Amino acid sequence: MLEQIVEPLLGWFGEHARILPWREQPQPYRVWVSEIMLQQTRVEAVKPFFERFTQALPDVRSLAECPEDKLLKLWEGLGYYNRVRNMQKAARNMVEFYDGEMPADYEKLLGLPGIGPYTAGAVASIAFEIPVPAVDGNVLRVITRITQNDGDILKQSVKRQVEEELLAVMPKGRSGAFNQALMELGATVCVPNGAPKCEECPLSGVCLAHQNGKEMDYPKKAQKKPRKIEKKTVLVIRDGSRAAIRKRPAKGLLAGLYELPNLSGWLSQDEVLDWLKQEGLSPIRIRRLSDAKHIFSHIEWHMTGYVVLVEELENYFGKDMLFIEPKRTEEEYPIPAAFSAYTAYLQIRLGQEKYDEK
DNA sequence: AAGGCGGGGTT
DNA sequence: AACCCAGCCTT
């Protein structure tokens with residue numbers, strides 16, 4: 001049944017394909033960078049990151065040699081930071097084993113860090129015209145609607161089944177366009193969140209869900225577990241000229257990025273002052289900041305904050321804190337968006353008059 | 001098979 | 001507030 005979608009879909013894509021930076025110059029490296037960035041991330045969010053990243057690191061070798069802080073700075077705000085670390089590992093593999101080139105082979109692509117079945121299929125088909133499917137969330141939605149597949153798309157068995165069905169109908173010489181057309185249709189017509197635009201769809205005539213008025217019932221998806229809530233107290237610690245940041249651990253949430261010093265739980269002003277003294281810092285003034293919330297995919301941070309002025313820090317030999325000029329924290333150190341409610345206080349002038357509450 | 005891993009746009 | 005995005009890796 002899916003063979004019927006190929007021609008109308010390719011025809012539709014020819015007229016409705018969006019103009020995207022990575023489609024203008026589809027070298028394998030640029031296709032790869034775009035596909036990594038597009039993992040769980042919308043096209044509009046990726047565009048400015050893609051331009052900046054490919055200008056700074058235009059090829060596999062420059063990526064392979066880039067220092068980690070610069071790499072994370074280029075990725076700052078995009079999220080899922082292991083993507084870019086894995087991409088660098090893959091680039092180093094390409095330098096070592098493939099003469100600095102992307103391998104034009106599905107299995108070899110699949111063997112590189114950060115490249116799974118979707119990305120291997122996307123790069124293989126778009127950059128090298130290898131006839132393999134690239135099944136992402138869009139494609140799963142489109143195909144389960146067309147075929148009224150009741151399987152839970154979060155299960156890999158369902159994904160494998162869709163991959164097999166599509167592999168059987170891949171058009172030779174047009175696999176890249178076909179895969180992109182499926183995704184484009186999912187992103188712009190067969191949309192999630194509300195009613196799909198079936199009146200614009202080139203496949204409505206063969207879509208079982210549409211024939212039966214069941215578009216909204218697909219895809220089937222198991223319910224997600226609720227997020228865990230974590231309370232935090234975030235500190236903006238400054239002396240006359242610098243502010244405190246620290247590097248997060250190499251593994252886990254926001255690995256390797258920089259952060260404002262913070263403690264778990266909501267601490268009182270006195271508890272914060274005690275902690276500061278314990279750290280070897282001498283607080284002069286302290287003021288409470290407004291509460292803030294940051295939502296990750298699996299955790300919520302419910303934060304409160306304080307800005308603290310401390311004595312000059314020549315005498316500070318703290319374990320993990322760095323005292324950096326505010327301008328440099330912005331230009332050189334990747335600090336994730338979770339702290340955005342408080343990072344502005346790294347920059348503002350600490351006026352006596354703004355301070356003396358309590 | 002299940003859970004960890006960001007951030008932001010839509011509804 | 002819930003959903004979900006051109007997913008992958010570790011456990």
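Naming convention: chains lettered A, B, ... in sequence-line order (proteins, then strands); numbering from 1 in each chain. Just so it is clear, the model here is predicted, and its values are computed rather than measured.
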Open item on the list: What range of DNA chain C does chain A touch, first nucleotide to last, counting atoms under 4.0 Å from its heavy atoms?
Closed with: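 Here the contact window of chain A covers C/dA1 to C/dC9.
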Task: Base B/dG6 paired with A/Thr41 side chain (donor-acceptor, <3.5 Å) - done: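 Pair found.
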Open item on the list: For A/Glu184, is there an ion pair with A/Arg23 - N to carboxylate O distance below 4.0 angstrom?
Closed with: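 Counted as a salt bridge, because a side-chain N and a carboxylate O are separated by less than 4.0 Å.
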Open item on the list: So that I can tick it off, tell me whether A/Arg85 and A/Glu68 are bridged by a salt bridge, with the cut-off set at under 4.0 angstrom between side-chain N and carboxylate O.
Closed with: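 Yes, charged N to carboxylate O under 4.0 Å.
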Have a look at [X] and say if it touches a base, only the backbone sugar-phosphate, or nothing, with a 4.0 Å heavy-atom cut-off.
X: A/Glu44; result: nothing
X: A/Leu254; result: sugar-phosphate
X: A/Val43; result: base
X: A/Ala255; result: nothing

- [ ] Check the distance between B/dG4's C1' and A/Glu230's CD and give it to me in whole angstrom.
- [x]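 One finds 12 Å between C1' of B/dG4 and CD of A/Glu230, rounded.
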Open item on the list: Test your reading of the model: is there a side-chain donor-acceptor pair from A/Gln88 to the backbone of A/Leu63, 3.5 Å cut-off?
Closed with: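 A pair under 3.5 Å: yes.
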Open item on the list: Ring centres under 6.0 Å, that's the criterion: do A/Phe53 and A/Trp75 meet it?
Closed with: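 When the ring centroids of A/Phe53 and A/Trp75 are compared, they turn out to be within the sub-6.0 Å range.
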Task: Comparing A/Gly252 and A/Arg42 on DNA chain B - which has the more 5′ nearest nucleotide - done: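 First, find each residue's nearest nucleotide; the 5'-ward one identifies A/Gly252.
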